[in-house]
Number of protein chains: 2
Amino acid sequence: MVNRRIGKEDSETRQHLLEAAEQLMREEGYAAVTSRKLASFAGLKPQLVHYYFRTMDELFEALFKRVADKHLSALKEVSAQENPLVGMFELSCDSANSVLHLEFLALANHRKNIHDQVTAFGRELNRTESAIILDVLRKEGIETPGVAPEDLSTIIETMARGMAFAENLNARPLGNARNILTGCLAKFSVTLRALSEFSDAD
Amino acid sequence: MVNRRIGKEDSETRQHLLEAAEQLMREEGYAAVTSRKLASFAGLKPQLVHYYFRTMDELFEALFKRVADKHLSALKEVSAQENPLVGMFELSCDSANSVLHLEFLALANHRKNIHDQVTAFGRELNRTESAIILDVLRKEGIETPGVAPEDLSTIIETMARGMAFAENLNARPLGNARNILTGCLAKFSVTLRALSEFSDAD
DNA sequence: GTCTATACTTCGATAGAC
DNA sequence: GTCTATCGAAGTATAGAC
């Protein structure tokens, strides 16, 4: 049948299912998020999963949207802090989130709808971070940085995620590496001058 | 039964299966590597998979070992190049490998044996890279760098993988970001001086 | 070394009663 | 909105013939 009944988006049970799915995915990976395991984890019947989500793909989509929105709104809070760049870095380093990110990246490798969603999120993140970076630079009196804010965002984001993945894997801090990078961000105008040198060269 | 017959490690069919598994994992993710799909992909019967590998876990272990060994031997070749650091970076940026790495990282999140294998590989990689870095620094006349070679390896590796994941996701180069980082590595002694400043701070 | 046959489990998804 | 019942497909793994 094509027109099956589907539960409302604002349903409490639906929220509960998404919550459980997030936890399950974090702890056991996306492959463990099956209708049966999820239901049992949430204390519900498997059929309810299909009542709220037409397919499992639809569930993953909804879950990613949830996680992505959470990250973007946290980013907005960070931008009001004293040192937004360090906050930005710490946010993307967060190991709980990084595990989820990793799972979604892996999912994106072979599910087109997730792939599109993840790239769209990446673009939005880059835009938002670029704006924050520009703002920080202006406050330091730098109007035209030698490196594009978009590239700076990419570099920071790249390092943060890499750190998070590695830390998460080793279950320990990565020597002094993370402190060094945080230091670079705390004295960003100095770092930027250094980076600019390499940007012009090649 | 506990003592099932298992095929020899040097069997051609076994190699063929691992080859196919690698490709399948790259293209469709680890969840697609099932005995049935793998066998059909390799033009064999599913039961042969279980003849060569006691369990699917054993197959993933063997596959990771294969990939890790390949990477380490490629790294050794790179260390003989003119600019080993750039080569190191490019190697870890390689998008074909990065997809596999990502899949294994995801697998490691919830399979203990893979987790242990991946961390062990990470440690060995760090050791090998540190040695290369030390060598490069010595040739530039720097005997005691302000930042530990292990941390430098971590930073470079982190950036490279992050780049690879992001590029792979977007299916396009990441603006100028990658060039900037390559530039930093090409003029490593300059970069190192800049990094040292932040290392001593706070 | 590769095949057939097969046991058992878990999966996604739907229909229909309540 | 949640339940029971149920399908067919796909998963891992083993035994035993050739």
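For the numbers below, each heavy atom of this structure counts, side chains included, while hydrogens, waters and symmetry mates do not.
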In this structure, how many angstroms lie between the [atom2] atom of [N] and the [atom1] atom of [X], rounded?
X	N	atom1	atom2	result
A:Lys45	C:dG16	NZ	P	21 Å
B:Tyr52	C:dC3	OH	P	10 Å
B:Lys37	D:dA9	NZ	C1'	11 Å
B:Lys8	C:dT2	NZ	C1'	15 Å
B:Ile6	C:dT2	CD1	P	13 Å
A:Leu48	C:dC18	CG	C1'	14 Å
B:Leu59	D:dT12	CG	P	10 Å
A:Gln47	D:dT4	CD	P	8 Å

[X] side chain, from C-beta outward: closest of [options]:
X	options	value
A:His50	C:dG12, C:dC11, D:dT12	C:dG12
B:Arg36	D:dA10, D:dG1, C:dG1	D:dA10
A:Met56	C:dA5, C:dG12, D:dT6	C:dG12
B:Thr55	C:dG12, D:dG1, D:dA13	D:dA13
A:Arg4	D:dC3, D:dT12, C:dA13	C:dA13

### Query
Which sits closer to the 5' end of DNA chain C, A:Pro46 or B:Leu44, going by the nucleotide each is nearest to?
B:Leu44

### Message
Main chain of B:Ser95, side chain of B:Asn168: is a donor-acceptor contact present, judged purely on distance under 3.5 Å?
### Response
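No; zero donor-acceptor contacts below 3.5 Å.
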
### Under 3.5 Å: donor-acceptor pair, side chain of A:His16, backbone of A:Ala42
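The answer is yes, because a donor-acceptor pair under 3.5 Å joins these two groups.
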
### Message
Quick check: on DNA chain D, is the nucleotide nearest B:Arg5 upstream (toward 5') of the one nearest B:Thr34, or the reverse? Name the residue that is more 5'.
### Response
B:Thr34

### Query
Are B:Phe121 and B:Phe104 close enough that their ring centers fall under 6.0 Å?
no

### Query
For the residue pair B:Tyr30 and A:Tyr30, does the interplanar ring angle fall in the parallel (under 30°), tilted (30 to 60°) or perpendicular (over 60°) class?
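The rings of B:Tyr30 and A:Tyr30 sit tilted, inter-plane angle from 30° to 60°.
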
### Query
If you measure from the Lys or Arg side-chain nitrogens to the Asp or Glu carboxylate oxygens, is any gap between A:Arg123 and A:Glu150 under 4.0 Å?
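Looking at A:Glu150 together with A:Arg123, the answer is no, because their closest N to O distance does not fall below 4.0 Å.
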
### Side-chain N,O (A:Ser35) to OP1/OP2 (C:dC11) below 4.0 Å
no

